[in-house]
Amino acid sequence: MHTYKNFLLAAAATLVMSANAMAAEKLRMGIEAAYPPFNNKDASGNVVGFDKDIGDALCAKMKVECSVVTSDWDGIIPALNAKKFDFLVSSLSITDERKQAVDFTEPYYSNKLQFIAPKNVDFKTDKESLKGKSIGTQRATLAGTYLEDNFKGVDVKLYDTQENAYLDLVSGRIDGILADKYVQYEWLKSKDGSNFEFKGEPVMDSDKIGIAVRKGDTKLRDDLNKALAEIKADGTYKKINDKYFPFSIE
């Protein structure tokens, strides 16, 4: 009887351990879902985009089940640290300031900042020429910080989403926008963006984009780095890149 009882206890313990292991194999990825083509929602309300595809590919390599949790951009790092999700894959620039709040993986793509403005308009991008002009950018982004630090005398308009900046540009309420080149590239192909173009050369071409985890979550960061190296090695990364861009953003 004791042997049978011990067997049942052991079996029950194994089931509990298996259930806990299965529970541990579920992760939540945080995404803004308002930054096409990197992250946005389709007509059915599903989160789509480059970031989402990269996140899914990493989860597949790690053999974990992942779900998406969306968050407003302004509160996206606090949401990660409040454990609303486990990692953040939402085109987040790796900066020294952010490194104080979160840990980053290796970069999963490189970014450039560039101005756009209406076609057939003389729009010079040097500091003197931009004085007195209204330039839009998304709040709490590298572009916003860059404008405020380097373009004194420019009327910098900060927006909660990139889409709202575009709305004001189309309506003529601002003169131009500074933002990620690859996001602008996508918008310029749209109907609303067809009357606008890139102006000047990129003002920054060394922006590295990483996946964020909570401070000290070393295992998850290492697992993500390993998976990132694997999707680059086996061609998965290139397939995702080519789905969105006719050039490499790595």
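Count residues from 1 along the sequence. For clarity, every value in this text was computed on a predicted model and none was experimentally measured.
Legend: disulfide (SG to SG under 2.5 Å) pairs involving residues 217-250, not counting sequence neighbours: none detected. The stretch residues 208-244 participates, sequence neighbours left out, in no ring pair (Phe, Tyr, Trp, His ring centres under 6.0 Å) pair at all. Within the structure, the ring pair (Phe, Tyr, Trp, His ring centres under 6.0 Å) test picks out the following pairs touching residues 136-161 (sequence neighbours left out): F115-F151. Residue pairs meeting the disulfide (SG to SG under 2.5 Å) criterion with at least one partner in residues 105-222, sequence neighbours excluded, do not occur; the list is empty.
Formation of a donor-acceptor pair under 3.5 Å by the S90 side chain with backbone atoms of E32 is found in this model. K133 places no side-chain N or O within donor-acceptor distance of the main-chain N or O of S129, the cut-off being under 3.5 Å. Put simply, the side chain of D205 never gets that close to the backbone of N111: no donor and acceptor are under 3.5 Å apart. In terms of modelled atom types and a separation under 3.5 Å, the side chain of R173 and the main chain of S134 share no donor-acceptor contact. Judged by distance alone, the side chain of D180 and the main-chain N or O of V183 form no donor-acceptor pair under 3.5 Å. N40 contributes no side-chain N or O that, together with a main-chain N or O of V47, makes up a donor-acceptor pair within less than 3.5 Å. For the pair S93 (side chain) and T95 (backbone), a donor-acceptor distance under 3.5 Å is absent. In terms of modelled atom types and a separation under 3.5 Å, the side chain of R28 and the main chain of F87 share no donor-acceptor contact. Of the possible polar contacts, none joining the T105 side chain to the N225 backbone as a donor-acceptor pair under 3.5 Å is found. Using modelled atom types, one side-chain atom of K215 and one backbone atom of K99 make a donor-acceptor pair closer than 3.5 Å.
The environment of NZ in K83 is sparse: at most 12 heavy-atom neighbours from other residues, nucleotides or ligands sit within 6.0 Å. The environment of NZ in K41 is sparse: at most 12 heavy-atom neighbours from other residues, nucleotides or ligands sit within 6.0 Å.
The cluster map of Ile, Leu, Val, Met, Phe, Trp and Tyr, joined by side-chain heavy atoms under 4.5 Å apart, puts L147 and I177 in different clusters. Residues F104 and I31 fall into different hydrophobic clusters, defined by Ile, Leu, Val, Met, Phe, Trp and Tyr side chains chained together at heavy-atom separations under 4.5 Å. Hydrophobic clustering of Ile, Leu, Val, Met, Phe, Trp and Tyr side chains at less than 4.5 Å, counting indirect connections, keeps L188 apart from L178. Note on Y35: it does not cluster hydrophobically with L142, by side-chain heavy-atom contacts below 4.5 Å among ILVMFWY residues. The same ILVMFWY cluster, assembled from side-chain heavy atoms under 4.5 Å apart, contains both M29 and I231.
Residues N241 and I249 form a side-chain contact, since some pair of their non-hydrogen atoms from C-beta on lies under 4.5 Å apart. Counting only heavy atoms from C-beta outward, the side chains of L58 and I211 approach each other to under 4.5 Å.
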Residue pair E163, Q138: steps toward the side-chain hydrogen bond (donor to acceptor under 3.5 Å, both in side chains) verdict: CA-CA 9 Å; E163 292 298 320; Q138 189 175 3; over 6 Å; no

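A side-chain donor-acceptor contact under 3.5 Å links D51 and Y108. At a cut-off of 3.5 Å, with distance as the only test, no side-chain donor of N164 or D168 sits close to an acceptor on the other residue. Between the side chains of D192 and S190, not a single donor N or O lies within less than 3.5 Å of an accepting N or O. For the 3.5 Å distance criterion, the side chains of Y109 and S91 qualify, holding a donor opposite an acceptor. Checking S110 against K208 by side-chain atom types alone, a donor-acceptor pair falls below 3.5 Å.
Taking CD from E148 and CD1 from I135, the interatomic distance works out to 13.0 Å, rounded to the nearest 0.5 Å. Residue I116 holds its CD1 atom at 13.5 Å from OG1 of T125, rounded to the nearest 0.5 Å. Atom CG of L130 and atom CG of N150 lie 12.0 Å apart (nearest 0.5 Å). If you take NZ on K112 and NZ on K181, they are separated by 5.0 Å, rounding to the nearest 0.5 Å. Residue D175 holds its CG atom at 10.5 Å from NZ of K157, rounded to the nearest 0.5 Å. Separating the CD atom in E106 from the CG atom in D222 is a distance of 10.0 Å, to the nearest 0.5 Å.
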Without placing hydrogens or testing angles, list every side-chain donor-acceptor pair under 3.5 Å for residues 71-79, not counting sequence neighbours.
| residue | atom | partner | partner atom | Å |
| --- | --- | --- | --- | --- |
| W73 | NE1 | R139 | O | 3.3 |
| W73 | NE1 | A140 | O | 3.0 |
| D74 | OD2 | R139 | NH1 | 3.3 |

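G216 and D103 get closest at one heavy-atom pair: N-OD2, 2.9 Å. Taking all atoms of both residues into account, the shortest heavy-atom contact from I94 to G210 is CG1-N, 3.6 Å. For the residue pair K232 and P107, the shortest heavy atom distance occurs at NZ-O, 3.6 Å. Minimum interatomic distance between Q184 and Q162 (heavy atoms only, all atoms of both residues): OE1-NE2, 4.1 Å. Between A143 and L113, the shortest heavy-atom contact is CA-CD1, 3.8 Å. For the residue pair L80 and V213, the shortest heavy atom distance occurs at CD2-C, 3.8 Å.
When the side chain to side chain donor-acceptor pair (under 3.5 Å) test is applied to K199, the partners found at least two apart in sequence or on another chain are E197.
Considering F196, Y182, F198 in turn, F196 is the only one that fulfils the ring pair (Phe, Tyr, Trp, His ring centres under 6.0 Å) rule with W187. Just one residue in the list R221, K219, R214 forms a salt bridge (Lys or Arg N to Asp or Glu O under 4.0 Å) with D86, and that residue is R214.
Using a cut-off of 4.0 Å between Lys/Arg side-chain N and Asp/Glu carboxylate O, K61 and D234 are scored as salt-bridged.
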